[in-house]
Each structure stands twice: as structure tokens, then as C-alpha cells.
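Data block below; observations after.
Values in this document were obtained by computation on a predicted structure and should not be read as measured data.
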Amino acid sequence: MSLQSLVHREGWKSQTLAFLASAQVLCRSCLSRQFPSAALRKKHIPGVAPPSAIPGRHYHHRPISAYTFSAPHRRTLFLSSTATIETGLPEPVRTFRKQLYQSLPEPLPKKKTQPLDRRVQVTIARRMKRNRVIELYYDLKKDPQLLKYLTTQDLRAMAALLMPPSGVLSHSSGPALANMVSDTQSQGIKINAYSIISDLIQKRPDLVNEEDISWLVPMFINYGDLDSAAKILREHIDSGHRASEATFTALVAGFARGGQIESATTWLQEMARDGYTETNSTIVCALVDGSMKSGNVDQAEKIARECWNESLSNVLARYGHEAVENGQLHDARRFYQYRAQLGLNSMPLLSHISNKGLHMLRIAPIRRLLYDTIQLEDWEGCGLVTRKLLHFYLQRGNLVSATKLWKATRSYPNVFGKSQYTNLVESLAKAGYHEPLMQLYRDLKAQYPDALTVPLYNECLRSFVRAKAYKYVLLVFSDMKAHIPASDMTKETFYAMYALCARTGRMGLFQELLEMARQAAMEMDFKTMSSLMACYLTADDVPSAIKVFEQIATTHGPDAVDYNLLIRATAQSEGGEVDFSKILKILQHMNKMGIEPTQSTYRTLLSIYSQGDVEDWLVSRLLTYPKATRADEIFLNNIALTRQIERNGPLEATRVFLQNDRRLLFNQKVEEGPIRANGMTYKLLMDALSESPRNIHVADKLYRDMKSKGWAPYLEVYENLILGWSRKGRIQRARRILQDMERDLRIKADVRLFTMIADGLLLKNKRAQAREVISEMESAGVRADDRLLQHIEQFNTSSNSNSAKYTSD
């Protein structure tokens with residue numbers, strides 16, 4: 001197909017292509033900033049349909065013009081930068097122009113240890129350039145004579161640089177500006193740009209030419225400065241020039257949305273005198289919007305009937321959907337609010353806004369939409385937005401935001417449904433977020449007990465066993481036994497519980513599980529035998545473990561797991577230094593049986609030989625193991641950090657960890673990459689740091705870093721931090737950690753934690769505040785034990801005796 005036929009097929013005009021080809025000012029970076037959704041549209045989220053693909057929805061294609069500020073094109077300005085900087089100018093002006101017209105630096109190649117993509121680097125570079133230009137302009141302001149050297153081209157270049165992309169911001173006016181911007185950062189950028197541009201125009205009005213009115217008027221309107229916009233347009237008209245229809249429309253719409261209907265009517269008459277249409281879509285939309293905003297529903301109904309001959313309900317729905325199609329999600333939110341306040345069905349509009357926003361990856365407007373539904377007590381709509389947001393978060397693996405969404409909506413009726421609970425439970429269980437999982441499990445058990453099926457119980461059990469949260473495993477299994485008969489339990493249930501016994505040496509529980517397995521008609525297979533052998537080893541019953549291995553050898557035949565356990569048994573029977581020749585015989589027998597050593601084999605050997613050439617060889621094999629998973633990599637990192645703590649101390653180990661370069665962990669050659677971690681990684685570092693109060697500030701830094709990445713700390717981590725800050729005398733910090741623990745884990749502080757805080761106060765000789773802790777405990781329903789009371793009394797006695805001794809001396 002030829003280019004001309006393609007152009008004809010798409011309905012483009014050939015002269016448009018000729019103009020674009022001759023201009024030679026388009027670049028991919030500018031296009032992506034003018035149309036941010038275009039660059040992201042390829043990232044389709046499963047389950048979130050593009051708005052244009054939603055069946056059964058048809059719109060009147062009468063688009064609402066945004067009339068946002070549109071500054072001169074950045075690329076055009078930079079192409080002519082060499083001719084802008086003249087010789088013979090004062091040095092401050094030359095420096096200002098050089099910074100203003102200097103192109104952005106090329107982004108650096110993306111590194112594994114610095115995972116910033118090119119767009120983020122460009123954004124950071126543009127922000128730094130913008131801040132530098134602002135600083136230099138304020139330096140110029142100090143000397144009014146320097147401002148005389150600025151030109152109209154400088155004004156346009158400053159507007160192009162300082163203003164955020166128009167495609168990101170919805171059109172707005174009046175005091176509602178704060179609700180219209182896409183995020184707080186864009187709002188700050190806009191305010192800085194407005195203050196500087198308006199200041200420069202005030203000091204140098206001669207810089208404004210006739211063609212600048214088309215972007216200056218909308219700029220003033222965007223900031224709610226309608227008087228300045230009207231003034232500059234009036235001066236333009238009085239000087240004999242004719243304003244464009246777009247400029248008139250922007251000003252009328254600004255006054256209408258700001259509720260100044262009389263001023264809007266005055267400018268409408270001025271617009272009619274110039275021969276322009278007074279009832280275009282943007283003006284009618286603004287009039288309806290302004291009337292609804294001021295609470296004048298009758299006037300909005302009248303405008304809808306006179307201009308479109310339709311009911312207000314249909315007009316609000318039309319403008320809401322058109323705003324969504326134009327990417328003006330904040331305007332669409334307002335039309336949803338109007339419909340909800342009138343008691344109209346708003347589910348189609350809510351669905352359209354949510355789909356469009358998630359498809360464009362604009363999450364902030366959708367979060368605010370969720371807040372709108374809560375404020376309006378639209379629980380059906382709140383449930384719809386919650387479901388779409390949760391699906392989006394889970395598809396992208398953003399479990400931190402998904403958990404926050406659940407916490408924000410769980411208290412509202414029929415918002416977070418049964419299917420949302422089960423989906424989030426499964427996702428948290430697979431990711432190993434054990435503390436949020438336990439909170440969610442408790443909530444699910446209270447809200448929807450029938451949703452706790454055998455597969456869901458199994459997911460929770462496996463996750464808690466992997467996280468070594470053994471108390472939670474026993475709690476969940478106790479609930480499972482109370483609701484699920486043993487005959488309905490599956491192999492996965494017993495395998496998870498066998499793993500618990502293998503790690504903790506609970507022989508009594510293992511015998512109980514074997515009895516329950518017989519009721520479920522589950523035979524004693526090779527996995528059960530391996531777990532039984534591991535349980536004996538953990539319980540330090542090596543002879544029984546050897547007997548189980550012999551039974552495995554005569555029945556199922558040992559695999560790599562059983563040989564790993566035999567290596568453990570041999571090491572435990574040796575007691576002290578293990579003779580490597582015995583371990584070598586086991587490895588040779590494995591080779592004769594055709595069984596290759598696995599990651600677990602090398603891990604077992606590494607736990608036995610923690611230094612010397614053997615350790616280096618084992619680490620090298622683990623690093624180069626071809627089938628290593630992410631969990632294997634984290635395990636090896638934890639081993640290396642443990643060695644760092646033993647050899648160099650916790651501070652050095654933490655320094656290496658925070659540098660986030662895996663090459664620093666090992667003596668062998670390792671590929672560049674970050675140090676992957678889990679909750680156990682943070683726990684082993686913070687446990688080592690908390691042993692000394694002088695390191696507690698470093699442990700607190702790790703605690704904040706851990707929470708920022710979505711890992712909920714273990715209970716022991718909270719306790720160690722409370723103890724460390726109390727010993728250091730930082731009681732407010734200790735109380736903050738205590739409050740975090742109660743909020744995050746949803747458990748109340750016990751007498752031990754209150755005793756830690758009281759001891760810290762006594763160390764600082766704050767006896768009165770230590771006694772207040774007892775009153776605080778009583779109000780929290782915690783009874784002070786005799787040890788705490790005796791400690792306070794002994795401290796008072798010793799302090800009084802020391803005081804008397806000092807007086808007698």
C-alpha cells in the first residue's frame with residue numbers, strides 16, 4: 001500500500017504531512033510529553049479494557065476543548081539557541097540564557113544497581129534545569145537594569161520550560177485549581193511558573209506581542225487569576241486587535257466555572273459582537289459546571305434544555321464521558337459528583353473513569369475518585385472502584401498498595417468483597433508477606449468465614465512455614481482443624497505441617513499428623529519419610545534419623561533431599577569438627593546412584609564448613625548453579641551477610657547491604673546486580689544491631705527501609721527496637737515503635753514491653769514518668785507484675801539513700 005493511499009484511507013490531509021515534514025521540529029520526547037498516554041498504551045493491563053473497546057457505549061463526538069496553556073514548542077526554541085546568546089551582554093544575563101537554552105543531557109545507560117529508566121532520568125534533569133533557571137531569574141531581578149536585556153523569545157522559552165506539559169493537566173479555573181491538577185508536584189510546578197511569568201510580564205509588559213495573547217490568557221485562567229486574564233484581553237481588544245474564538249471561549253468558560261455568571265455573560269456578548277458562536281460545547285459545559293458548582297440545579301437544567309434540548313441527567317453523563325475520552329479525569333470526577341449528589345445512577349461513568357485512568361496509568365485521579373465515593377457514601381460505586389484498583393495492583397504485583405487499599409476500605413459496608421479477600425490472601429501468601437497476610441486472615445475469618453477453603457488454608461500454611469512464622473502456622477492449623485475434618489484435608493496440608501515439624505522438631509505434633517493422614521487415606525510416602533527424618537535430626541535424635549534413612553533406602557529409594565539429611569546426621573553425630581572424608585563418601589555414593597547435588601546439598605555443606613577453601617568452593621558452586629531461583633539467591637545473600645556480621649560486625653554488614661551491590665558480598669567474581677532481600681534478611685541484621693544501644697539508630701534506619709519496601713517486621717524486631725531505644729533513653733522513639741507494632745500487627749503491648757520503657761525512664765532518672773507508665777498500663781488493661789513494681793521501688797530507695805549520703809557529705 002502506497003503512502004498516499006494510506007493517508008487517504010486514514011482521512012489525513014496531504015498538506016498536513018507536508019507541513020510536518022518541512023517543520024522538522026517534532027521529536028519523540030516532546031510527543032511523549034504532549035501525549036503521555038500514547039507512550040504507555042502498549043502496556044495493556046489484563047482485565048482493564050481500553051475505554052474505546054468497551055462494548056455498547058456510543059458518544060456524541062463533540063469534544064470539549066481543553067484550552068489549557070500551550071507554550072511555544074520546546075524543540076523549536078532549542079534549535080535556535082545558538083543565535084540567542086549574543087556577545088557583549090552582562091555576565092548574569094549570559095549565564096541565564098545559557099542555562100535557559102541549553103539542551104538536556106543524554107540519559108545514562110541503565111544499571112542494575114541504579115534501576116532508573118530513561119524517562120525518570122530525563123524528568124530529574126528537567127527538574128534540576130528548571131530550578132536552576134528559577135534561581136538565575138531571581139538573581140536578575142535584584143538589578144532591574146538586567147531585566148532590560150530579556151527578549152520576547154526569552155519569555156516564551158521560560159514559559160515552555162517552566163510550565164508542565166499541557167497533556168498532563170486538565171483545564172480548570174477559580175479556587176478549584178488545587179483539585180484539578182494531576183498531582184501535588186505538578187501543582188507546585190504550575191505555581192512557580194505562574195509567579196515568575198506574571199512577575200516578568202508585570203516588570204516588562206513590552207515583551208508581550210499580539211501572538212502571545214493566545215497562550216497568556218489561558219495561563220492566567222489556569223491559575224484562577226481571571227481578572228488578569230480579562231484585563232490583558234481587554235487591552236488587546238482596545239488596541240484594535242481581534243481575539244480568537246479559542247481565547248474568548250477560554251475566558252468565558254473560566255468565569256462560568258468560577259461561578260461568575262454575570263462576567264461570563266458580559267464576555268459572551270463581546271464574543272457575539274465579533275461574530276463567534278456563543279453556544280459551543282465548551283461554553284455550555286462550563287455554564288452547566290458553574291451552575292452545579294454553585295448549587296443552582298434549576299439554572300443548570302434550564303441551560304441543558306435550551307442548548308441541547310436534553311435533560312440535565314443526560315448532559316452531565318455526556319460531558320462526563322467526553323471528559324474521560326479527552327483524558328480530563330478530574331473534570332470527569334466532578335460530573336460524577338454532580339450525578340451522585342442528584343441521586344442518579346453513576347456506575348457507567350465510574351467504570352469509564354476507572355478504566356481510562358488505569359489504562360493510562362494515572363493512578364492518583366482514581367484514588368481521589370475512590371475518596372469521592374466514600375465522601376458521597378456511594379458504597380456500590382466505592383466497591384466498583386475498589387475492585388478495579390485491586391485488580392490493577394495485583395496484576396502489577398504492587399502488594400503494598402493493594403494492602404493499603406484493603407485497610408482503607410475494609411470498614412465500609414459491602415465494599416471489599418469475598419473474592420477480593422481471597423485474591424489478596426493468595427497474592428500475599430505467594431509473595432511471603434506474612435504479617436499483612438495474618439492481619440488479612442483474621443479479618444477474613446471474621447467477615448467471611450465460609451471463604452476459608454482447604455486450598456486457601458494450605459496457601460496460608462505454606463507461606464507462614466516459609467517465613468518461619470511458626471506461631472501463625474499453629475494458629476491457622478488450629479482453626480483449620482476446628483472447621484475442616486481430617487478426611488477432607490489434602491496432601492498439601494500435611495506436607496506444610498510436616499515441614500513445620502521438620503524445622504522445629506515437634507515429634508508429638510508429627511505423630512498427631514500421621515494419625516490424621518491415616519484418616520484422610522494418605523499413605524506414608526517418600527516426602528513424609530524425609531520430613532520425619534528431618535524432624536528427628538532437629539530434635540537431635542540422630543540414631544532414629546539414621547533408621548528412617550535405612551527404611552527409605554529399602555522402600556522408596558533415597559533422593560537428593562534424603563542424602564542432604566544424611567549429611568546433616570553425619571555432621572551432628574561428629575559433634576565438633578567434621579571429618580570431610582565421611583562427607584565425601586556420601587557425595588561419592590550419590591554420584592554412583594546418579595543423583596546430582598542440589599542447591600540444598602551445597603547449603604547443607606555450607607552450614608557445616610563456614611570457613612577456608614571448602615567454604616569458598618561451596619559459595620562458588622552456589623553462585624554458578626544454573627537452576628538457582630530468586631529464593632536461592634536470597635538465601636545465599638543471607639548466608640553471606642551472616643558471615644559479614646560474624647567477621648566484620650553488624651555495622652559493616654549493614655553498610656555493605658545498603659550499598660545494594662551484590663559484588664561486595666562475596667570474594668568470588670559475581671555479576672553486577674542488587675542485593676535481593678526478604679524479611680529474614682532485615683531481621684538478622686537488626687537482631688545483630690540491636691544487641692548494642694549505640695547501633696540502634698542504624699537498626700531504625702533499616703526498619704524504615706524495610707517498611708518502605710512493603711516488608712512487615714517480625715514481632716521480635718519491634719521488641720528489639722523498643723528495648724534498644726529504651727536503653728538509649730529515647731523513650732519517644734520507643735513509644736513510636738510500640739504504636740507501629742500495635743497498628744501493624746494489631747496486637748496489644750504486654751507487660752514486658754511496658755517494663756522496657758519504664759526501665760529506660762529509670763535509667764534517665766525520670767521516676768515520676770516511670771510511675772506514669774503503670775497508670776498507662778492499667779488504662780490499657782495490662783496488669784503490672786511484681787518485678788516492675790519492685791524495680792521502681794528499689795530505684796526510689798537507692799536514689800533516696802544516695803541523696804541522703806550526698807547531703808551528709
Side-chain angles (χ1 to χ4, degrees), residues 461-462 465-466 468 470 473 491-518 520-610 614-615 617-618 621-622 625 627-629 631-632 635 639:
L461 290 173
R462 283 196 295 266
V465 169
R466 286 196 301 266
K468 298 184 180 180
Y470 301 134
V473 178
K491 287 185 177 181
E492 286 72 18
T493 307
F494 294 105
Y495 288 156
M497 295 307 298
Y498 291 156
L500 168 70
C501 296
R503 297 185 181 191
T504 59
R506 298 172 182 266
M507 288 304 306
L509 179 58
F510 207 110
Q511 295 296 332
E512 180 186 348
L513 290 170
L514 291 176
E515 179 62 30
M516 295 175 65
R518 278 192 287 270
M522 178 179 171
E523 297 181 357
M524 198 170 189
D525 57 7
F526 68 95
K527 285 190 176 181
T528 307
M529 298 289 287
S530 299
S531 299
L532 179 60
M533 182 179 176
C535 187
Y536 277 125
L537 287 175
T538 307
D540 207 18
D541 190 352
V542 177
S544 298
I546 298 295
K547 289 180 181 179
V548 174
F549 181 83
E550 293 172 352
Q551 186 177 355
I552 292 173
T554 57
T555 54
H556 306 286
D559 58 4
V561 175
D562 300 316
Y563 279 110
N564 297 341
L565 294 173
L566 182 61
I567 292 173
R568 277 182 56 192
T570 303
Q572 286 183 228
S573 62
E574 290 287 311
E577 186 175 350
V578 182
D579 187 358
F580 188 70
S581 61
K582 295 183 179 180
I583 304 297
L584 186 61
K585 288 181 180 179
I586 299 175
L587 295 174
Q588 291 171 346
H589 188 70
M590 288 177 64
N591 186 47
K592 185 184 296 184
M593 299 297 294
I595 300 174
E596 291 289 334
T598 63
Q599 283 274 86
S600 297
T601 307
Y602 297 127
R603 289 180 185 178
T604 304
L605 293 172
L606 192 60
S607 64
I608 299 171
Y609 301 101
S610 58
V614 177
E615 181 195 21
W617 177 79
L618 291 171
R621 295 301 298 266
L622 286 168
Y625 191 73
K627 298 181 181 179
T629 63
D632 296 328
F635 174 84
I639 291 291

Counterpart residues, salt bridge (charged side-chain N to carboxylate O under 4.0 Å, His left out), relative to Glu512 (two or more places apart):
Lys481

Does any pair with a residue in residues 542-554 pass side chain to side chain donor-acceptor pair (under 3.5 Å), and if so which ones, sequence neighbours excluded?
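Those involving residues 542-554 are Asp541-Ser544.
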
Could you pull out all residues at least two apart from Arg462 that satisfy side chain to side chain contact (heavy atoms under 4.5 Å, CB included)?
Asn458, Glu459, Arg466, Glu492, Ala496

With Tyr470, which residues qualify under side chain to side chain contact (heavy atoms under 4.5 Å, CB included), at least two apart?
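Here the qualifying residues are Lys468, Leu500, Arg503, Thr504.
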
Rounded to the nearest 0.5 Å, how far apart are [atom1] of [X] and [atom2] of [Y]?
{"X": "Glu523", "Y": "Lys491", "atom1": "CD", "atom2": "NZ", "answer": "8.0 Å"}
{"X": "Ser531", "Y": "Met524", "atom1": "OG", "atom2": "CE", "answer": "9.5 Å"}
{"X": "Leu532", "Y": "Leu513", "atom1": "CG", "atom2": "CG", "answer": "11.0 Å"}
{"X": "Leu514", "Y": "Thr528", "atom1": "CG", "atom2": "OG1", "answer": "7.0 Å"}

Using side-chain hydrogen bond (donor to acceptor under 3.5 Å, both in side chains) as the criterion, list what pairs up with Arg518, not counting sequence neighbours.
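side-chain hydrogen bond (donor to acceptor under 3.5 Å, both in side chains) list for Arg518, sorted by chain: Glu515.
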
Residues in side-chain hydrogen bond (donor to acceptor under 3.5 Å, both in side chains) with Ser530, at least two apart?
Asp562

Nearest atoms (heavy-atom pairs only) where [X] meets [Y]:
{"X": "Val465", "Y": "Ala499", "answer": "CG1-CB, 3.9 Å"}
{"X": "Val548", "Y": "Met529", "answer": "CG1-O, 3.5 Å"}
{"X": "Met533", "Y": "Ala545", "answer": "CG-O, 3.6 Å"}
{"X": "Gly505", "Y": "Thr538", "answer": "N-CG2, 3.5 Å"}
{"X": "Pro558", "Y": "Ala553", "answer": "CD-CA, 3.8 Å"}

Can you pull the ring-ring contact (aromatic ring centres under 6.0 Å, His included) pairs that have at least one residue in residues 494-513, sequence neighbours excluded?
Tyr498-Phe510

ring-ring contact (aromatic ring centres under 6.0 Å, His included) contacts in which one or both residues fall within residues 531-553, not counting sequence neighbours
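Counting only pairs at least two positions apart or across chains, the ring-ring contact (aromatic ring centres under 6.0 Å, His included) contacts touching residues 531-553 are Phe549-Tyr563.
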
